[in-house]
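Written below as structure tokens is the structure these notes are about.
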2 protein chains.
Amino acid sequence: MELSSSLEDYLEAIYNVIKVKTAARATDIAKKLNVANSSVTNALQILVKRGLVNHAPYDIITLTPEGRKTAKQIAWKHEVFRDFFITVLAIDSDTANKCACSIEHIIPDEVVERFIQYLDFERQCEYGGKRWVEGSGFKRNAGINENGQCEVCKEKQGKDARS
Amino acid sequence: MELSSSLEDYLEAIYNVIKVKTAARATDIAKKLNVANSSVTNALQILVKRGLVNHAPYDIITLTPEGRKTAKQIAWKHEVFRDFFITVLAIDSDTANKCACSIEHIIPDEVVERFIQYLDFERQCEYGGKRWVEGSGFKRNAGINENGQCEVCKEKQGKDARS
DNA sequence: ACAGTAAATTAGACCAGGCTAAAGATATTA
DNA sequence: TAATATCTTTAGCCTGGTCTAATTTACTGT
């Protein structure tokens, strides 16, 4: 059965806490997601019912194999989008994170794959590197001159001027 | 005050119906959004209260200037994302639309601007043109050889082989 | 070992946003 | 113009997700 965006957030938060602390408590999750403790309890009960989380009342929180798999998937999407926003769109880290966090629940896997392939492509092709130039938009890194123009833009302008 | 994703969807749907029909009826919106008629009535009452829609019971539906402005903004975001998914990621039109429709409510304006700038950049720079090659990912259009490799990939492979 | 504190849970409420069924208003057409 | 069909609205219900306040459990230090 499908998880709601909200439940995915809880699962991901648990995953991230466990990565550094080995044992997660409800308060950690609550702080991370900025919700009341009781909301966490509520979500936990659902996630336990769905077989994604191990948790007896007042006990610590761990993930089932199934839960870990699902959480990994979500965290992976998050990373892809974060990467995209930062390295391609030059968005600041904080905004990038927030955007990633909201769209990760929505964009289907095939499309996430395309983002990955696109990122790979940009990294492999040496003309793919680009940077954000304030007030003038994106420019290729390769051969940027003092006016913030790449080889291609420069050549084009030359051609345009001659014709 | 902020509009929820749901209300934005309604507003956008009204905007799109009005663009082709001049007068919108509740049923049009219901069909477009795949919801019950009563849900539309409900949403309309809220949108009227917020000063975005003109609508008396049993009357036709139009947008206030404020509503039109907001709707345009939403529709504009939709177009940007749709464009990005189709021309950059080579996603099929249907999926592109669905993705655009869900993230358009979530991504802040500054980030949408970056998407636009990025699209412009890719279109202006002649090395920016790229195409999707089945089974091998994105390749530059410029100088693609019979193996689907662009000039850059080819040179790199040559260099790698020689070293 | 136990009192005090911190954390977790329960209970109960609220809101948004959807639905169905029934009633009310409007259009169509014989 | 009366009957019928089609919209629209209302009323009432449900679910998911949040909250606060009160209670229960567990931990910690002396």
Side-chain angles (χ1 to χ4, degrees), chain A residues 1-14 17-18 20-63 67 70-71 74 98 101-106, chain B residues 1-14 17-18 21-63 70-71 74 98 101-106:
Chain A
M1 196 183 163
E2 280 280 291
L3 284 177
S4 65
S5 295
S6 167
L7 289 177
E8 285 196 2
D9 275 335
Y10 283 107
L11 198 63
E12 190 185 12
I14 294 167
V17 169
I18 285 176
V20 282
K21 290 191 58 182
T22 67
R25 291 170 314 155
T27 312
D28 300 324
I29 316 298
K31 271 184 196 138
K32 204 155 220 186
L33 297 182
N34 216 2
V35 296
N37 279 355
S38 58
S39 303
V40 176
T41 304
N42 193 40
L44 284 175
Q45 291 170 348
I46 298 167
L47 291 171
V48 167
K49 257 186 219 146
R50 301 226 187 156
L52 301 169
V53 163
N54 302 119
H55 173 63
Y58 299 99
D59 205 357
I60 58 163
I61 303 159
T62 57
L63 293 170
T70 307
I74 299 163
K98 277 183 203 149
C101 203
S102 44
I103 73 175
E104 73 196 16
H105 311 297
I106 289 176
Chain B
M1 195 184 165
E2 280 280 289
L3 283 177
S4 66
S5 295
S6 167
L7 288 176
E8 285 196 1
D9 275 335
Y10 283 107
L11 198 62
E12 190 186 11
I14 294 168
V17 169
I18 285 178
K21 290 191 56 182
T22 70
R25 290 170 315 155
T27 313
D28 300 325
I29 316 299
K31 270 183 196 139
K32 204 154 219 184
L33 296 181
N34 216 0
V35 295
N37 280 354
S38 58
S39 303
V40 176
T41 303
N42 193 42
L44 284 175
Q45 292 170 347
I46 298 168
L47 292 172
V48 167
K49 257 186 218 146
R50 301 226 187 156
L52 301 170
V53 163
N54 302 118
H55 173 61
Y58 298 100
D59 204 357
I60 59 164
I61 302 159
T62 58
L63 292 170
T70 307
I74 299 163
K98 277 182 201 148
C101 204
S102 45
I103 73 175
E104 72 196 15
H105 311 297
I106 288 176

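Quick note on labels: first sequence line is chain A, next is B, and so on, each numbered from 1. Please read all numbers here as calculations on a predicted model, not as lab measurements.
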Separation of C:dG12 atom P from A:Asn42 atom CG, nearest Å, is 15 Å
Would B:Glu12 and B:Glu104 count as a side-chain contact (heavy atoms from CB on, under 4.5 Å) if you check the C-alpha gap in whole Å, the side-chain angles of each, and the deciding distance to 0.1 Å?
-> CA-CA 11 Å; B:Glu12 190 186 11; B:Glu104 72 196 15; 2.5 Å; yes
Taken to the nearest whole Å, CG/B:Asp59 to C1'/C:dG24 is 16 Å
Taking for A:Ser38 and for A:Leu7 the nucleotide of DNA chain D with the nearest heavy atom, the one nearer the 5' end belongs to A:Leu7
Can a side chain N or O of B:Tyr10 be found less than 4.0 Å away from OP1 or OP2 on C:dG18?
-> yes
Atom OG1 in A:Thr62, atom CD1 in A:Ile60: separation rounded to 0.5 Å?
-> 6.0 Å
Taking protein heavy atoms under 4.0 Å as touching, what does nucleotides 2-7 of chain C look like 5' to 3' if B marks base contact, S marks sugar-phosphate-only contact and - marks none?
-> -----S
Would you indicate whether B:Asn34, at its atom CG, is surrounded by more than 12 heavy atoms from other residues, nucleotides or ligands within a distance under 6.0 Å?
-> no
Verdict with supporting geometry, B:Thr27 and B:Lys31, side-chain contact (heavy atoms from CB on, under 4.5 Å) = CA-CA 6 Å; B:Thr27 313; B:Lys31 270 183 196 139; 3.9 Å; yes
Partners passing side chain to side chain contact (heavy atoms under 4.5 Å, CB included) against B:Ala24 (at least two apart in sequence or in another chain) = B:Val17, B:Ile18, B:Ile29, B:Ile61
Does A:Arg50 use its side chain to pair, donor to acceptor, with the backbone of A:Gly67 at less than 3.5 Å?
-> no
The single option from B:Val35, B:Ile46, B:Val53 passing side chain to side chain contact (heavy atoms under 4.5 Å, CB included) against B:Tyr10 | B:Val35
For A:Leu3 and A:Leu47, what are the C-alpha separation, side-chain angles and deciding distance, and is it a side-chain contact (heavy atoms from CB on, under 4.5 Å)?
-> CA-CA 9 Å; A:Leu3 284 177; A:Leu47 291 171; 4.3 Å; yes
If you look at every strand shown and take non-hydrogen atoms under 4.0 Å, does B:Thr41 touch a base, only sugar-phosphate, or nothing?
-> base
Where is the tightest heavy-atom contact between B:His105 and B:Ser5, given as atom of each residue plus distance?
-> CB-OG, 3.4 Å
From the 5' end of DNA chain D to its 3' end, which nucleotides mark the outer limits of contact with chain A, defined by a 4.0 Å heavy-atom distance cut-off (strictly under)?
-> D:dG17 to D:dA26
Tell me: CD1 of B:Ile46 to P of C:dA16, nearest whole Å?
-> 7 Å
Is the phosphate of C:dG17, meaning OP1 or OP2, less than 4.0 Å from a side-chain N or O of B:Ser39?
-> no
Is any side-chain nitrogen or oxygen of A:Gln45 closer than 4.0 Å to OP1 or OP2 of C:dT10?
-> yes
